[in-house]
Amino acid sequence: MRYTKINGLPHFIEGIVVHGFGRGGKQLGCPTANLDEVAVAQLPENFPCGVYYGLAQVGDGGLYRMVMSVGWNPHFHNEKKTMEIHILCNFTNDFYDNSIRAVALGFIREMESFNSLDDLMNAIRNDISIANRKLDMIDMKEYEELDFFRLQA
């Protein structure tokens, strides 16, 4: 399968899950897998900050739908660029220190600061809804067969 990159997408990502700020699951009800600084540093210099949708794999598991945030999280005034993946599946365990592979397939929106935590949570719910609609239109089997997701380091 050959992919044509439009605006840098699809973009393939690989990293290790590390502890973040602890806001995703606790404050926002949206747990995220925070990728290590090495993964963030490997982003192309011109990769736009924002919210993306795509697919993710934890360890040697299956592929799951995901929403990914890349940037400084202006609502929280972060000083460090982060990459956080919210997998659209309920997991019973965390996966700190596990490898994660992902492909960003599409862009949802730019990063922004919100007037309230409720406004941010509404935007996250909308991001998830958009991601699910967009991902309904793709054939996951095509991605499951890619060496990127089949070959483990």
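Keep in mind that the numbers below use all heavy atoms, side chains included, and drop hydrogens, waters and symmetry copies.
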Flag the pair [X] / [Y] as yes when at least one side-chain heavy-atom distance between them is below 4.5 Å, and no otherwise.
X: Val70; Y: Lys81; value: yes
X: Phe148; Y: Val103; value: no
X: Leu135; Y: Met140; value: no
X: Asn126; Y: Ile130; value: yes
X: His11; Y: Leu43; value: yes
X: Asn34; Y: His19; value: no
X: Met68; Y: Thr32; value: no
X: Leu35; Y: Ile16; value: no

Can a donor-acceptor pair be found between the side chains of Arg125 and Ser129 at a distance below 3.5 Å?
no
Apply side-chain contact (heavy atoms from CB on, under 4.5 Å) to residues Met66 and Tyr53 and explain how you reach the verdict.
CA-CA 6 Å; Met66 65 92 173; Tyr53 66 88; over 6 Å; no
CA sep, side-chain torsions, deciding dist, call: Met111, Ser69, side-chain contact (heavy atoms from CB on, under 4.5 Å):
CA-CA 8 Å; Met111 285 275 160; Ser69 164; 2.7 Å; yes
Test side-chain contact (heavy atoms from CB on, under 4.5 Å) applied to Leu55 and Tyr64, step by step:
CA-CA 5 Å; Leu55 302 170; Tyr64 295 95; over 6 Å; no
How about CD on Glu110, more than 12 heavy atoms from neighbouring residues, nucleotides or ligands closer than 6.0 Å, or not?
no
Can you name the nearest heavy-atom pair linking [X] to [Y], along with the distance?
X: Val58; Y: Asn98; value: CG1-CB, 4.0 Å
X: Gly50; Y: Phe107; value: CA-CE1, 3.9 Å
X: Cys30; Y: Ile124; value: SG-CG2, 3.8 Å
X: Ala33; Y: Phe95; value: CB-CE1, 3.6 Å
X: Ala104; Y: Leu9; value: O-CD2, 3.5 Å
X: Cys49; Y: Gly71; value: SG-CA, 3.7 Å

Trace of the side-chain contact (heavy atoms from CB on, under 4.5 Å) decision for Glu145 with Glu142
CA-CA 6 Å; Glu145 294 174 357; Glu142 290 183 30; 5.9 Å; no
Might you work through the salt bridge (charged side-chain N to carboxylate O under 4.0 Å, His left out) test for Arg65 and Asp136, ending with a clear yes or no?
CA-CA 10 Å; Arg65 295 170 175 222; Asp136 280 345; 2.7 Å; yes
With salt bridge (charged side-chain N to carboxylate O under 4.0 Å, His left out) as the criterion, how do Glu144 and Arg150 come out once you've worked through the C-alpha distance, each side chain's angles and the decisive distance to 0.1 Å?
CA-CA 7 Å; Glu144 290 169 349; Arg150 293 185 345 178; over 6 Å; no
When the ring centroid of Phe47 is compared with that of Tyr52, is the distance short of 6.0 Å?
yes
